[in-house]
Amino acid sequence: MWKVGDKQAVYFGVLRLGLLLFFLLFSYFTLKQKGDIRGVESNVVHSLQRSLLNPADLYSDPEALPFHISQYSPAYYMAVEELLKIGGIQPSQHLAIRIIGRLLSLFFLLAAMFYLMRILRIRLGQPRRIGFDAALLFIMATLPWYHLIRPDALLLLTLSASIFHSMGSGRRNAMLSGFWMGLAMVTKMNALFFLLPLGLAFLMERRFKSLFLVFASGVVTVGMLAFLFWLQGHRFEFLLANVVQGVKNGSNWFLALQKTYPYFLTVVFPLMLVVAWLLLRQSLLGIKNGTGLLLSMGLAFTVVLALMASVKVGSAENYYFEPLFWAILLLARFREDQISDAGFSMLLLVAAVSMGGQKASNYLTQYYIEEGKPETDIGVEEKIQFLKSELKAGEYFVADERAISLALPEHAAMVPVDIHYTTYREGIYSYEQWAMAVHEGRIKYWVGEDLPDSLYGARLNGGFVQVRKGVWKEVVVKSLTAKNLIERGRTKEVKEKP
């Protein structure tokens, strides 16, 4: 048996305190960042801005002006939007929107960690300090994703709560499990990653009455959230066009090997090897009871699905956070009689320190550099003020600088620009109305370093003239028709970086 003397409690206390202080410091720097950190937060910010301007525009037609795409399911948007309304935040206050959204995400993260500790303490019989150490490891390994203004943290909360109540017995746990599963389904589409193993566990354990209650509670939850969505003034007409079509970015195995698979190989896979070692040292009957079966299926399903889904262009390491969650639970379940409490705490804390050190080098130096920058870029601010003075209601601009689009949400078109580069090349949406808008002079300005020859099939060169550095204004050319403006060969599209 691997044992570490309990007299080293002070050593463990210092590690825990250090990790906690690092988490607080990291959270402070993250929350106040003015720009995107990971996951293109600006896309979520702009969706919230549009919803504040007109709730019906949260999910508008991606093929019509202003050609906006909201990629995520509505639950997180709904929660943040209510906080923004309570705080009296205006659509143009994009920095305030970021901060409030990040604060809410941080709250969801802490609530999820509370559930993680409850699973370990109540369902798996682990000491409280093991739950705390496991939460520290998970937080360090996933920084900064659950601090961001994205739905990931809410999804994590629904996962942890669903597992806790699914591992319990009785009608109340079944209904609460269904509630959290229903909330997960309207938070993010990859909720299916963990709903499948939970549902199969109910079936294989022959808990049919509980499964019925889970299903009924989930359906009621989805229905109630849909009703609240409608009461907020949102509409369903283009929901699927945004959250289903808007994520069809294509696949790239080579890119996955560079960006997503390394996280799996360096973080999740080593934990899976430790789990396999623990299983080899005891009877495999350990996975045949309810708890072992549920946790094993959860890890297996989420790993396979994450490996498949993370080849999608635009994916990142956050696809592997659900497998990491299951792996930590499995470690706690199968470490009995093989690793002492102190030894397991050491394993968790040393891994947490290692992951925290990586995050410190990757992000805190970046935040330090950001602190030294001026509050606003003079060139960007001048462009914003110029556009604000020139644009009238119903007139739009396209900018390759996110800060400019967020400063003028009522006039910004083609946001998020980086997603449109992909959806255009993949042929996900029709861009004929875009060409018509350019031809009819409704796109008044292009803002960027250079004027591209064409953008999304519409020729810009010859139709816009430079009026100041980095700003081009449209010139209506009567001799051209919309048909002339639509390029027949997509290969001529200028390959610009978002």
Side-chain angles (χ1 to χ4, degrees), residues 72-76 78-79 107-108 111-126 131 151-231 236 239-240 243 286-302 304-305 321-323 325-326 328-330 332-333:
Y72 301 115
S73 301
Y76 183 77
M78 293 167 63
F107 170 79
F108 289 144
M113 292 301 96
F114 171 74
Y115 265 110
L116 172 61
M117 291 188 286
R118 291 191 74 195
I119 294 170
L120 290 167
R121 175 62 179 159
I122 299 174
R123 304 303 187 212
L124 299 179
Q126 302 294 309
D152 303 79
L154 179 56
L155 182 68
L156 176 67
L157 173 57
T158 63
L159 163 63
S160 56
S162 296
I163 294 174
F164 175 79
H165 292 293
S166 294
M167 292 173 70
S169 59
R171 180 182 301 176
R172 180 175 178 274
N173 277 315
M175 295 182 68
L176 285 172
S177 179
F179 164 77
W180 288 108
M181 290 185 192
L183 180 56
M185 290 300 296
V186 293
T187 297
K188 206 174 179 185
M189 288 192 298
N190 63 342
L192 190 63
F193 280 28
F194 64 86
L195 294 187
L196 277 175
L198 288 175
L200 286 174
F202 276 100
L203 284 174
M204 296 180 71
E205 294 167 15
R206 305 181 67 82
R207 297 165 61 189
F208 300 122
K209 290 183 179 179
S210 293
L211 181 59
F212 173 77
L213 288 174
V214 169
F215 179 77
S217 178
V219 170
V220 171
T221 299
V222 172
M224 291 179 61
L225 289 171
F227 182 64
L228 288 174
F229 181 76
W230 178 78
L231 284 180
F236 298 93
L239 178 64
L240 294 181
V243 303
I287 68 172
K288 291 187 178 180
N289 62 50
T291 300
L293 177 65
L294 172 62
L295 298 180
S296 300
M297 286 177 44
L299 179 59
F301 266 80
T302 52
V304 171
L305 290 171
F321 295 164
E322 285 85 13
F325 193 94
W326 289 105
I328 290 174
L329 295 180
L330 268 174
R333 169 65 182 80

Show me, pair by pair, the donor-acceptor contacts under 3.5 angstrom made by side chains of residues 159-170, not counting sequence neighbours?
unit_1 : atom_1 : unit_2 : atom_2 : d
Ser160 : OG     : Leu156 : O      : 3.2
Ser160 : OG     : Leu157 : O      : 3.0
Ser162 : OG     : Thr158 : O      : 2.6
His165 : ND1    : Asn173 : OD1    : 3.0
His165 : NE2    : Tyr115 : OH     : 3.4
Ser166 : OG     : Ser162 : O      : 2.7
Ser166 : OG     : Ser177 : OG     : 2.7

Is it the case that over 12 heavy atoms from other parts of the model lie below 6.0 angstrom from the CE atom of Met175?
no

Answer whether the closest heavy-atom distance between the side chains of Val186 and Thr221 falls below 4.5 Å.
no

Restricting to non-hydrogen atoms, name the atom on Leu225 and the atom on Met78 that form the minimum distance, rounded to 0.1 Å.
O-CE, 3.7 Å

Taking all non-hydrogen atoms of both residues into account, name the closest pair between Gly131 and Met117 and its distance.
O-CG, 3.3 Å

Are any of the side-chain heavy atoms of Leu231 and Phe227 separated by less than 4.5 Å?
yes

Would you say the side chain of Leu154 lies within less than 4.5 Å of the side chain of Leu183, judging by non-hydrogen atoms?
yes

Can you name the nearest heavy-atom pair linking Val243 to Ser73, along with the distance?
CG1-N, 3.8 Å

Single hit among Leu155, Asp152, Thr302 for side chain to side chain contact (heavy atoms under 4.5 Å, CB included) with Asn190:
Leu155

Run the numbers on Phe301 and Trp326 for side-chain contact (heavy atoms from CB on, under 4.5 Å), then give the verdict.
CA-CA 10 Å; Phe301 266 80; Trp326 289 105; over 6 Å; no

The reported gap from CG in Leu329 to CZ in Arg123 (rounded to nearest 0.5 angstrom) is 12.5 Å

At what distance, to the nearest 0.5 angstrom, does CG of Leu198 lie from CH2 of Trp180?
14.0 Å

Which pairs with one or both residues in residues 206-217 pass side-chain hydrogen bond (donor to acceptor under 3.5 Å, both in side chains), sequence neighbours excluded?
Glu205-Arg207

State, to 0.1 Å, how close Arg171 and Leu213 come at their nearest heavy-atom pair, and which atoms those are.
CG-CD1, 3.5 Å

Apply side-chain contact (heavy atoms from CB on, under 4.5 Å) to the pair Phe325 and Ile119, showing each step before the final yes or no.
CA-CA 11 Å; Phe325 193 94; Ile119 294 170; 4.3 Å; yes

Within a reach of under 6.0 Å around CZ of Phe107, are more than 12 heavy atoms found that belong to other residues, nucleotides or ligands?
no

Leu295 CG to Ile328 CD1 distance, which is reported to the nearest 0.5 Å:
12.0 Å

Heavy-atom closest pair (Ala332 atom, Leu124 atom, distance to 0.1 Å) is CB-CD1, 4.3 Å

Heavy-atom pair with the smallest gap, counting every atom of Met297 and Met204:
SD-SD, 3.5 Å

